[in-house]
Amino acid sequence: MAKSRQSSFRRILVTRILLLFLPVLLIGEMVTLNKARSSLLTTARQNLIYSAINKGEKITDDIAALKTNLLSASQTKAVQSGSSYQAQKFLTQLAKQLPTKIACIQLKTLRKHKIIASSCGEQTIAELPISFTKNEVQITAISPPQPGITGKRNPDNQLQLLLSAPVYNQRGNLAYTLIIKTTLHQQIKDKQGSLMGDLVVIAQDGTILANLSRGKFVTNLKNPSHIQQIQDIIKNAIQGNNNSININFPNGQESIVGYTAIPNPITQKKQQKWIILGVASVKDALLGLNEIKVILIVLTAGLIGASLLVSLYLAPYLASPLEELRDYALNIHSHHAAQPIPRNFKIREFNQLAQALDQMVERLKAWAEELEIAWKEAKSANFVKSQFLAITSHELRNPLNIIINCVRLVRDGLCDDREEELEFLQRADETAIHLLGIINDLLDISKIEAGKLSVITTPLELRKLLLDVVNLQSVNVQQKGLQLKCEIDNELIPVRVDELKLKQVLINIIGNSTKFTDKGSIVISTDIHHNNGSSHVIISVKDTGIGIDPGQQDKLFRPFVMVDGTTTRKFEGTGLGLAISRNLIELMGGKITLESLGLHHGTTVKIILPLIDISLLSASGKKGDLGNDEPASINEVKGTNYSHLSLDKSSEIDDFSPGKLNIESVDSREISLFLQKGEKASTL
């Protein structure tokens, strides 16, 4: 299989930073441009709306001011006198004083339209007949030239008005007309990008009264391609809505139009209005976008360069610690691994990684040592198990040979008489029972290893069980000539145990003491302890046997492990008894320990069991009294409560205090029973 292409951490870091940074930067630039364009268009629309409103208000104010000034001028004596000299002088001064640009002021006779005085020469500015109602000022708009019609009127498409006011002579008769021709809004050459907007004035009927939008609007709206949009503007403005709209003109140029409406100053009808437009091209509105683009391009180039420099700076800054840790990890198996792991980096996470790597190495070393120890122990255990199998096979083979030989002797009729046959059969039976015990131990240890060993606990009075075990083991103790002492408290000892399993453990422990003790005594005692609301009883089995080396004591409770194979071969046995006993006692909630001061100093085994409430004992468990004065055989010990029981070969009885009972064994197997209170013994 082909190996995938690999790259260094530094190269990957630089390329990933650039690959992630550049798309984000470009997307950010596009979003910024779109946002800037949207903001500029929104600002342009608002500015054009305000511009249209301001233009409309200015037109209204200028017309009102002109009407007022015209009426005032029509009532002056210089005008009413009809004197050409006085009127000419007055009109020249008036043209200069008016705030709005005045194209011409003329004073004409009403009937013959003869010019009396004029600020613009002899050319008449009003040819239409004029009729007045009282002292009202008449206003007439001069429309731009219509398409296809030649003429010199209003060539700049500006908003031009004629204001006429009646002039009465000194006799009070209407004799003259004072006429003003004015341009209310002049085209200002704005700078490129200005959002003041060009003025367009449209009458309610669709007639364009002024068109300063540099030819974008035609003077007649009957057939333009954008007639529907203009009609929508007129409709919305008449309804009182001040808003803006985008219009695509026939020349392909898109413009923004802000609009409003003002009352028609020519007529007195309130329903008639003029539509005031502020027009600016989208190009002018987005003129600032070019500067933003330049700034973004420069900023993008700068950020790309900065990201490249940052990547080149960060790559060694981040890669160097990793490379040092990599070199350490690669060389950890070599002789150079004795050098310490790199530390004191400027980045906390790398220091933590170094610490974790150091701890991992230490754990690996510890695990390696543990594995080596475990391997040695496994090797030792394998040897021990092989030794155990050899000993066990010997322990199994000998009883089988004995059983086979005894049975064959009887079967082949080689015995002298019936008594000798029974003796061989008895020996075969005892050997079979011994063999059964070995097999049972093997089965129990297999259950322990499989985790299937279990106990069934019931409330029990411990003293009866102890005396029962003493009764069973007394024969073995008697045969070895040992003294068996039983020191049990007078009070009841209620425990929850498995009677058969606990008896098995006690028999095994007392049997071991008997096996490994050649002379002296075996003492069985109980001691009750109360501590912090809990109570427990300690059963002690102390012997004066061969003892155990303190360094070997921890091996005794492990299966298949024997302290000394030669000792085991000498005393026989499989070495499974204590391992089984420990597991059984722990299943019953207790604990078992072994103490020995050393070889030839004896051994003490202690079993610790928790006490239960005495009320849990059955009535049958509370039977038995130390005050029984009648003699009993050794087989009846189990039903009698004793404080002190002793067996040995001596035919003499030592002194004992009241409350103690001594049983002495003699060579003739006669058992003397001495009752309490110092009475004489009866021979059984």
Side-chain angles (χ1 to χ4, degrees), residues 42-73 95 97-103 136-144 154 156-165 180-191 194-214 216-217 230 232-245 247 255-281 284-285:
T42 301
T43 303
R45 291 189 183 98
Q46 294 176 350
N47 288 343
L48 290 173
I49 293 172
Y50 295 146
S51 177
I53 294 173
N54 291 334
K55 286 179 173 63
E57 292 176 350
K58 189 175 185 304
I59 290 172
T60 302
D61 294 342
D62 288 346
I63 292 175
L66 286 173
K67 289 173 66 176
T68 302
N69 290 328
L70 186 60
L71 286 174
S72 299
Q97 293 175 357
L98 291 176
T100 306
K101 181 181 179 181
I102 303 300
E136 293 182 354
V137 177
Q138 289 187 357
I139 304 175
T140 303
I142 302 175
S143 302
N154 197 6
D156 296 329
N157 294 329
Q158 296 179 344
L159 181 60
Q160 293 182 344
L161 299 177
L162 290 177
L163 287 82
S164 303
I180 296 178
K181 182 180 180 182
T182 179
T183 302
L184 294 184
H185 186 86
Q186 300 182 20
Q187 179 65 33
I188 301 175
K189 293 183 179 180
D190 297 332
K191 294 182 179 180
S194 174
L195 296 179
M196 293 299 295
D198 298 329
L199 174 65
V200 176
V201 180
I202 305 175
Q204 188 169 340
D205 60 358
T207 303
I208 296 179
L209 302 177
N211 184 8
L212 302 181
S213 62
R214 302 165 189 167
K216 300 181 183 69
F217 275 79
I230 301 302
D232 292 339
I233 291 174
I234 295 173
K235 181 179 178 181
N236 292 332
I238 291 173
Q239 293 176 355
N241 298 326
N242 301 327
N243 209 332
S244 64
I245 190 173
I247 297 179
S255 295
I256 303 173
V257 178
Y259 57 85
T260 187
I262 62 173
N264 190 342
I266 298 177
T267 178
Q268 299 298 325
K269 297 179 180 180
K270 296 182 179 180
Q271 292 81 4
Q272 296 296 320
K273 294 184 178 181
W274 282 1
I275 313 303
I276 309 299
L277 306 181
V279 182
S281 65
D284 290 339

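In this chain, residues are counted from 1 in sequence order. Heavy atoms only: backbone and side chains are in, while hydrogens, waters and symmetry mates are out.
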First locate atom CG of N241, then atom OH of Y259, and finally report the distance between them rounded to the nearest 0.5 Å. 6.0 Å
Any non-hydrogen side-chain atom of R45 less than 4.5 Å from a side-chain atom of L48? no
Run the side chain to side chain contact (heavy atoms under 4.5 Å, CB included) test on K181 and L162 for me, step by step, so that the C-alpha distance in whole Å, both residues' side-chain angles and the decisive distance to 0.1 Å come before the verdict. CA-CA 5 Å; K181 182 180 180 182; L162 290 177; 3.6 Å; yes
Compare every heavy atom of A141 with every heavy atom of L209, then report the nearest pair and how far apart it is. CD2-CB, 4.3 Å
Under a 4.5 Å cut-off applied to non-hydrogen side-chain atoms, are I275 and V200 in contact? no
Walk me through it: do N243 and I245 pass the test side chain to side chain contact (heavy atoms under 4.5 Å, CB included)? CA-CA 7 Å; N243 209 332; I245 190 173; over 6 Å; no
CA sep, side-chain torsions, deciding dist, call: I247, I233, side chain to side chain contact (heavy atoms under 4.5 Å, CB included): CA-CA 11 Å; I247 297 179; I233 291 174; 3.7 Å; yes
Distance (rounded to the nearest 0.5 Å) between I234 CD1 and Q239 CD: 12.5 Å
Kindly determine whether L199 and I59 satisfy side chain to side chain contact (heavy atoms under 4.5 Å, CB included), including the steps that lead there. CA-CA 11 Å; L199 174 65; I59 290 172; 4.2 Å; yes
Got a second to check how far L161's CG is from I139's CD1, nearest 0.5 Å? 6.5 Å
CG of L98 to CG of L66: how many Å apart, nearest 0.5 Å? 6.5 Å
Where is the tightest heavy-atom contact between A95 and I102, given as atom of each residue plus distance? O-CG1, 4.4 Å
Can you check whether P265 reaches I63 side chain to side chain, under 4.5 Å on heavy atoms? yes
Output for pair (N69 CG, L163 CG), nearest 0.5 Å, gives 10.5 Å
Taking every heavy atom of N211 against every heavy atom of I208, the minimum-distance pair comes out as CB-CG2, 3.9 Å
Do you know the tightest heavy-atom contact between I276 and A52? CG2-O, 3.5 Å
Can you name the nearest heavy-atom pair linking I49 to S244, along with the distance? CD1-N, 3.8 Å
Q204 side, atom CD; K273 side, atom NZ - distance, nearest 0.5 Å: 8.0 Å
Can you give me the closest heavy-atom contact between I256 and A285, atom names plus distance? CD1-CB, 4.0 Å
Is any side-chain heavy atom of V201 closer than 4.5 Å to a side-chain heavy atom of K55? no
